[in-house]
Amino acid sequence: MTSLMLVAALAVADSRIESLIARMTVEEKVAQIVQPVFRKDGLAKAIAAAERGEFGTCIWFPVDAKGRNAVQRAAVERTRLGIPVLFCHDVIHGEFLTFPIAPALAGSFEPELFERAQSVAARQASAHGLDLSFAPMCDLAEDPRWGRVAETCGEDPYLTSLCVAAQVHGFQGDDPSAPDRVAACLKHFCGYGASRGGRDYHEAEISEWTLWNHHLPPFVAGVRADALSVMSSFNTLDGVPLTANRRMLTDVLRGTIGFGGCVIGDWGAVAQLVDWGFASDRAEASVRALSAGNDIDMVSPCYTNGIPAAIANGTLPMSVLDEAVRRVLRLKERAGLFDRPYVDETRLAKDADWCESDRKLALECAEKSVVLLRNDGVLPLASGGTVALIGPVAESRRELIGCWAAHFDESRATSLAEALRRELPNGTDLLVAKGCGMMGGVEWTVETDGSMTKRETPDGEDDRLWAEAMSAADRADVVVMAIGEGWAWTGENGSRHTLGLTGRQQALFDAVAAKGKKIVSVVFAGRPLALPEVYEKSDAVLYAWQPGAEGGHALARLLVGKAMPSARLTMSVPEDIGVLPVNYNHPSSGHPTLGGYREYAPASRWENRAWGSVPARFPFGFGLTYTTFAYSDARVEKGADGFATAVVTVRNTGSRAGVETVQLYVRQVACAAGVRPVRELRGFRRVTLASGEGVDVRFPISDETLGYVDRAGGSRTDAGAYKLWIAPDAVSGLELDLQR
Ligand code: GLC
């Protein structure tokens with residue numbers, strides 16, 4: 001479509017929208033800005049409510065295209081104006097086929113993998129009747145105590161921005177109205193990752209400097225990628241809940257950043273303005289949220305009950321309601337709903353399922369998401385002998401699937417045990433023992449209404465399981481521990497005040513380690529865990545995060561060397577919970593050699609290690625593989641155009657081929673606008689090198705590479721001195737000086 005055709009099409013669409021608004025009653029307008037939830041048993045209720053014209057969008061739990069079309073026919077064919085309904089849901093890391101969770105997949109440092117994965121998710125979700133996914137998550141991971149770090153792309157704004165833009169394009173493609181695409185929703189705007197103490201839903205205290213340079217860039221990237229919607233976040237900023245934060249939703253998001261789409265409030269958040277103590281009642285909450293720029297009320301009844309009265313009594317101008325309705329109708333227009341309100345039900349047979357190429361993509365994503373943190377030579381596993389696979393994740397599929405999958409088919413995932421039986425070479429015996437339960441004798445399941453039920457399981461203190469594990473360890477040459485943090489404690493409302501293994505797993509690991517066998521620990525978690533004993537006593541550690549349906553298969557291939565580890569950490573792993581925060585991109589301090597924790601200090605009071613020198617146990621960007629690489633000859637080359645290029649020679653110094661993710665970090669030595677981090681990631685290159693092979697890796701240095709954002713949202717690059725690092729992670733590498 002040429003730009004002229006696009007302009008003409010938008011003009012036609014706008015006139016259709018304006019003529020609709022002119023004809024709508026207040027009740028019909030309010031219906032467009034409310035979003036009830038319908039669950040698997042809610043079809044009749046949804047049809048009846050649609051016939052009464054009670055809602056314009058909904059959260060659609062049932063994966064049922066027929067049901068969706070039945071609800072849609074009620075809205076389109078049996079209401080006065082026939083406005084189609086927008087069906088939404090959370091498709092976060094896959095729909096039926098789950099991919100690795102975001103902090104893992106971002107660790108591939110291949111944003112295009114995200115685009116391909118979300119394209120598969122969009123095809124499956126749209127075949128089942130969804131028009132919009134509440135993703136990608138743009139929040140940054142600040143504190144691993146916060147369960148939702150499991151949905152972030154990690155702690156770095158540059159990597160997150162690239163992954164967000166890739167996901168938006170994966171969901172929406174070039175034309176979001178295409179039948180196999182869904183609208184994206186940038187969430188949660190903004191600063192949710194800084195929720196106080198890692199406690200979900202709490203306040204966030206963020207300076208303007210940090211807001212513009214840390215938390216907003218991923219949203220800017222998502223808006224530039226043409227995301228059709230944004231979700232406001234549960235937290236406050238500057239004491240004002242984002243749901244009713246006019247400065248953020250209107251002045252910043254729409255004014256400065258230029259977002260022209262629709263803002264959806266988070267679940268019940270309009271009503272929660274009363275709980276925050278920000279509104280005296282729900283009527284006031286409704287007016288303040290809608291006036292601030294929060295167009296849609298998700299699930300709470302506030303707009304339904306409060307907006308008609310506010311219009312009638314003059315506390316809310318009709319123009320405010322009209323503008324929200326306009327944005328909702330434009331969203332539906334861009335999603336193609338006016339021209340194609342129904343789903344082609346024949347697609348169920350071919351698009352909703354996953355095909356071999358989808359499965360191979362999930363396998364590739366999982367292989368490229370697992371981080372090798374340590375390897376004293378025990379990996380890849382040698383053939384022959386006996387391997388004991390011990391731990392509660394050994395035969396679990398659910399622990400691989402991940403924390404934010406609503407419609408996955410667990411039966412089609414591959415457990416680590418099943419995969420190892422296939423991948424281990426002939427002549428290698430495999431013993432499998434659970435050892436103990438993941439959660440110490442309880443198990444959580446998520447019901448269709450999203451609630452969680454907890455039930456007792458016998459494996460908490462099961463002596464038989466324990467004995468079987470000890471016996472397996474005694475008979476093994478190598479033990480592979482499959483341990484971690486139960487999925488039920490990750491994701492939303494999954495905050496923890498410890499960062500250890502759940503249940504009795506630490507005792508299980510200690511008992512196995514005491515036997516003196518070679519140990520490979522595979523850690524499954526939704527956040528970085530502080531496991532000093534495991535990291536210290538294992539001969540190898542693979543950080544698997546929650547690797548998705550093909551995670552077991554990927555891990556088996558990595559363990560036997562049929563695949564090579566290449567992922568890097570997207571979140572720093574703390575030594576223990578007491579040193580938080582440990583994110584790498586922190587500013588220096590006025591006492592760069594002081595201010596550390598006394599526990600890390602040598603004898604003298606005035607020689608303790610600075611905060612910045614109490615490194616994470618494993619830093620952002622870190623990851624090993626089955627070969628080694630050497631960096632040399634770092635230099636800055638000036639082109640005829642005066643632009644600089646940072647160059648380094650990288651050589652594979654090991655005996656196997658491998659992939660190295662070469663990273664570019666920058667630091668402005670002195671910035672009068674505000675102190676900048678000691679390092680900021682501003683580029684990376686994945687290079688595949690054969691044993692002995694070397695290559696020059698080049699990073700053009702532009703103003704954007706060096707720049708920052710000022711407090712008015714403007715991009716700035718100062719003249720002056722800069723440090724550059726070309727590095728394998730956020731704390732090492734070769735340093736260069738650059739004068740701009
Ligand atoms: C939840 C989450 C949000 C999700 C929404 C709909 O509370 O905060 O990420 O998209 O509700 O399920």
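As the structure lists them, so they are numbered: ligands from 1, and atoms in each ligand from 1. Below, each value reflects all heavy atoms present in this structure, side chains not excepted, and no hydrogens, waters or symmetry copies.
Classification of the Phe61-His89 ring pair by plane angle, with boundaries at 30° and 60°, yields tilted.
Counting atoms of ligand 1 from 1 in the listed order, those under 4.0 Å from a heavy atom of Phe234 are 7 (O), 8 (O). Within the listing of ligand 1, atoms 3 (C), 4 (C), 9 (O), 10 (O) sit less than 4.0 angstrom from a heavy atom of Lys187. Taking every heavy atom of Asp266 and a limit of under 4.0 angstrom, the matching atoms of ligand 1 come to 1 (C), 2 (C), 3 (C), 5 (C), 7 (O), 8 (O), 11 (O). Within the listing of ligand 1, atoms 2 (C), 3 (C), 8 (O), 9 (O) sit less than 4.0 angstrom from a heavy atom of Arg148.
For the pair Arg288 and Phe278, the cation-pi criterion (under 6.0 Å, within 45° of the ring axis) is fulfilled. Cation-pi geometry between Arg254 and Phe259 is not met: the NZ or CZ atom fails to fall both under 6.0 Å from the ring centre and inside 45° of the normal.
For Lys187 and Asp90, the salt-bridge test passes: some basic side-chain N is under 4.0 Å from an acidic carboxylate O. Between Glu485 and Arg496 there is a salt bridge, since a side-chain N of the basic residue sits under 4.0 Å from a carboxylate O of the acidic one.
Heavy-atom separations between Met137 and ligand 1 are all 4.0 Å or longer. The closest approach between any non-hydrogen atom of His188 and ligand 1 is below 4.0 Å.
Residues Gln35 and Thr57 bring a donor and an acceptor atom of their side chains to less than 3.5 Å of each other.
Among Asp90, Ile264, Asn493, the residue whose heavy atom lies closest to atom 6 (C) of ligand 1 is Asp90.
Between Glu492 and ligand 1, at least one pair of N/O atoms sits closer than 3.5 Å.
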